[in-house]
Amino acid sequence: MWATGGSGTPEGSEEASSARTGNEGPGTRALMEEVVDHRNLERAAKRVRQNRGSPGIDGMTVEELPRWMREQWPGMREQLLAGSYEPKPVRRVQIPKRGGGERELGIPTVGDRVIQQAILQVLQPRLDPTFSDHSYGFRPGRSAHDAVSQMRDYVTEGRVWVVDIDLEKFFDRVNHDMLMGRLAKRLEDRRLLRTLRRYLSAGVMVNGVKVEQRRGTPQGGPLSPLLANVYLDEVDKELERRGHAFVRYADDLRVLVRSKRAGERVMGALIKRFAKLRLRVNESKSTVARVYERPFLGFDLWVNKKGETKIGVASKSMERMKERVRELTNKRRGRRVEQVVWQLQRYLQGWWRYFGLTESRRGLRDVEGWTKNATDRRGRGRVGLFVRESALAQARATVAACIGPLSVHSAPARPGPSTTWRTGTSSAA
DNA sequence: CTATCCAATAC
RNA sequence: AUUGUAUUGGAUAG
Ligand SMILES: Nc1ncnc2c1ncn2[C@H]1C[C@H](O)[C@@H](COP(=O)(O)OP(=O)(O)OP(=O)(O)O)O1
Ligand SMILES: [Mg+2]
């Protein structure tokens with residue numbers, strides 16, 4: 001089933017299934033006690049409050065949390081310990097997706113977010129260490145950078161073909177029963193399992209009416225990312241067992257192979273494997289291709305003159321950055337110039353912080369220099385002193401020179417790395 | 001070393 | 001308005 005008729009490939013073959021060892025770690029029976037422990041709960045409430053998220057279906061804001069904790073918590077605690085707690089439905093919010101289309105968020109009540117967070121804090125330390133080393137998304141201590149670097153290393157080993165898979169509406173299609181089955185193999189506390197099940201079937205509020213959801217884990221629930229990793233863990237382990245070189249970030253899976261043929265075989269197998277999980281591979285976003293043709297987490301790979309594989313900024317990400325810079329500089333809606341520059345610096349610094357992983361040094365170095373230039377101004381040196389109307393234009397010109405043409409309307413494109421706009425270095429009043 | 005606040009990116 | 005997880009960085013106060 002797993003291995004379709006393919007011969008001579010470097011990957012080994014092995015039978016599936018290995019059955020997890022009962023439960024993870026000691027004391028999985030009294031997990032709910034850990035969840036409702038007041039220290040754990042305080043930490044959870046703090047996190048939810050600091051996220052500054054908007055209310056769920058009951059309209060309670062995060063500012064009202066302390067009051068809620070005092071008045072509603074004792075009752076909730078008892079219900080949780082009895083395994084009889086019923087979460088509220090989530091609030092449906094549509095937001096635009098990066099690649100077009102809409103993302104359906106499911107926003108739980110602030111109170112439910114606290115409880116889910118409290119559960120996460122108990123489950124994450126137990127479950128996460130059991131996950132595959134090849135899985136990077138939503139996991140503490142593992143970054144997108146780690147995933148990209150790992151993929152680059154696989155490519156350096158000569159695996160230049162990639163099976164690129166993205167799942168369709170991933171969170172929305174997670175099967176409740178199958179997920180619960182996975183969880184039941186790892187956790188013994190039946191009250192906790194019951195509440196997790198109830199969170200999954202809490203449903204959505206659609207103009208005053210609760211609509212049952214028979215599948216999916218809400219995009220917006222604190223627990224959902226962990227549950228998603230639990231759901232796909234078995235696939236990770238199977239790929240591992242077969243000795244595949246792969247990296248997974250959430251629902252973005254890359255298997256690196258040495259030939260197109262091997263890739264197509266793996267792709268076919270994975271489509272079937274995901275179908276077994278009631279998940280569908282996104283046909284438009286998934287393919288077998290040369291790694292250099294497929295961006296990953298905002299980066300792409302390329303080969304330098306010496307034949308080394310290097311990490312670069314994917315062109316989509318580059319275009320998005322330019323667009324944002326244009327948007328921040330072009331027309332300023334009643335903002336002062338210094339405000340515009342400050343915002344631009346802030347954005348570019350954050351951008352570079354992520355994309356600084358890139359090893360392509362064509363002009364991007366200068367973005368860094370430029371950004372630092374504008375930013376590294378110790379003390380509370382005010383931007384106001386050195387910024388004048390021309391600073392804005394120069395900033396745009398510099399970026400344009402580093403990154404490419406930014407706009408049609410004003411691009412002198414005569415940057416000069418050593419332009420004089422840094423003149424007001426000294427402290428200011 | 002602790003705490004609060006802000007920002008960027010990935011999904 | 002827009003939720004969540006994770007990573008990385010900055011500022012400020014002790
Ligand atoms: N802003 C977000 N808030 C909460 N969860 C998110 C967010 N972005 C992504 N996720 C989670 C839920 C998604 O199901 C999962 C994978 O992301 P993504 O592939 O971009 O969307 P998707 O799988 O839901 O739809 P698509 O069919 O377009 O791939 O990551
Ligand atoms: Mg997807």
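Throughout, protein chains are lettered first and strands after them, A, B, ... in sequence-line order, and every chain is numbered starting at 1. Any value given below was found using the heavy atoms of this structure, including those in side chains, with hydrogens, waters and symmetry copies removed.
An OP1 or OP2 oxygen of B:dC11 is reached within less than 4.0 angstrom by no side-chain nitrogen or oxygen of A:R142. In this model, the phosphate group of C:rA6 is approached by a side-chain N or O of A:Q124 to a distance below 4.0 Å at OP1 or OP2. Side-chain N/O atoms of A:R103 include none lying less than 4.0 angstrom from OP1 or OP2 on C:rG4. An OP1 or OP2 oxygen of C:rU5 is reached within less than 4.0 angstrom by no side-chain nitrogen or oxygen of A:N229. The side chain of A:R320 contributes an N or O atom lying less than 4.0 Å from OP1 or OP2 of B:dA10. Applying the 4.0 Å criterion to OP1 and OP2 of C:rG4, one finds that A:Q116 has every side-chain N and O outside that range. At the phosphate of B:dT9, OP1 or OP2 sits under 4.0 Å from a side-chain N or O atom of A:Y347. Proximity of A:N51 to the phosphate of C:rG4: a side-chain N or O atom is located under 4.0 Å from OP1 or OP2.
Donor-acceptor pairing under 3.5 Å is recorded for the side chains of A:D146 and A:S143. Side chains of A:D172 and A:Q219: a donor-acceptor N/O pair is present below 3.5 angstrom, by distance only. Side chain to side chain, A:R103 and A:Q94 fail the donor-acceptor criterion of an N or O pair below 3.5 Å. There is a side-chain donor-acceptor pair under 3.5 Å between A:Y199 and A:D112. Side-chain atoms of A:R191 and A:S84 include no donor-acceptor pair closer than 3.5 Å.
For A:R353, the side-chain atoms get nearest to C:rU8 when compared with the rest of B:dA10, C:rU8, C:rA6. Listed candidates were C:rU2, B:dC11, B:dA10. Nearest to the side chain of A:R91 is C:rU2. Which of B:dA10, C:rU7, B:dT4 sits closest to the side chain of A:P140 comes down to C:rU7. Distance from the side chain of A:F138 is smallest for C:rG4 among the nucleotides C:rG9, B:dC6, C:rG4. Distance from the side chain of A:R52 is smallest for B:dC6 among the nucleotides B:dC6, C:rG9, B:dC11. Listed nucleotides: C:rU5, C:rU2, B:dT4. Nearest to the side chain of A:K46: B:dT4. Considering only side-chain atoms of A:Q117, the nucleotide from C:rU5, C:rU3, B:dA8 that sits closest is C:rU5. Closest to the side chain of A:R113, from the set C:rU3, B:dT4, C:rU5, is C:rU3. Looking at the side chain of A:P222, the nearest of the listed nucleotides C:rU5, C:rU7, B:dC5 is C:rU5. When distances are taken from the side chain of A:R346 to each of B:dA7, C:rU2, B:dT4, the shortest belongs to B:dA7.
For a distance-only test at 3.5 Å, the side chain of A:Y249 qualifies as a donor-acceptor partner of the base of B:dA10.
The interatomic distance linking A:R92 (CZ) with C:rG4 (C1') rounds to 14 Å, in whole Å. What separates OH of A:Y354 from P of C:rA6 is a distance of 16 Å, to the nearest Å. Rounded to an integer number of Å, the gap from CD1 of A:I107 to C1' of C:rA1 is 10 Å. C:rG10 atom C1' lies 17 Å from atom CH2 of A:W352, rounded to whole Å. Atoms CG (A:L348) and P (C:rG10) sit 17 Å apart, rounded to a whole Å. The distance between atom CZ of A:F171 and atom P of C:rG4, rounded to the nearest whole Å, is 13 Å. One interatomic measurement links the two molecules: CG of A:L127 to P of C:rU5, which rounds to 16 Å at whole-angstrom precision. Here the P atom of nucleotide B:dA7 and the CZ atom of A:R324 are 11 Å apart, to the nearest Å.
Residue A:G141 is in sugar-phosphate contact alone, with no base atom involved, counting any heavy-atom pair closer than 4.0 Å across all strands shown. Backbone-only engagement by A:D251 is indicated by non-hydrogen atom pairs under 4.0 Å involving sugar-phosphate atoms exclusively. Residue A:R47 is in sugar-phosphate contact alone, with no base atom involved, counting any heavy-atom pair closer than 4.0 Å across all strands shown. Across all strands shown, A:Q94 has no heavy atoms under 4.0 Å from either base or sugar-phosphate atoms. Contact annotation for A:S54: backbone-only contact, meaning every heavy-atom pair under 4.0 Å involves sugar-phosphate atoms and none involves a base. Counting non-hydrogen atoms under 4.0 angstrom, A:G221 reaches the backbone sugars and phosphates but no base.
Place A:D166 and A:G350 on DNA chain B by their nearest nucleotides, and A:G350 ends up nearer the 5' end. Summary of the strand contacts: A:L226 and A:P96 both lie near RNA chain C, and taking for each the nucleotide with the nearest heavy atom, the more 5' one is attributed to A:P96. The 5' end of RNA chain C is approached more closely, in terms of each residue's nearest nucleotide, by A:I95 than by the other of A:I95 and A:S143.
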Output, in order, the C-alpha distance, side-chain angles, deciding distance and verdict of side chain to side chain donor-acceptor pair (under 3.5 Å) for A:R91 and A:S54. CA-CA 10 Å; A:R91 182 163 63 93; A:S54 59; 3.2 Å; yes

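One finds no salt bridge joining A:D252 and A:R248 here, because no Lys/Arg side-chain nitrogen approaches an Asp/Glu carboxylate oxygen to under 4.0 Å.
As the counterpart of C:rU2, no nucleotide is assigned, since no Watson-Crick or G-U wobble pattern has both distances under 3.5 Å.
The gap from the P atom of B:dC6 to that of C:rA1 amounts to 13 Å, rounded to the nearest Å.
Contact of the A:N229 side chain with the A:D236 side chain is not registered, since no non-hydrogen atoms from C-beta on lie closer than 4.5 Å.
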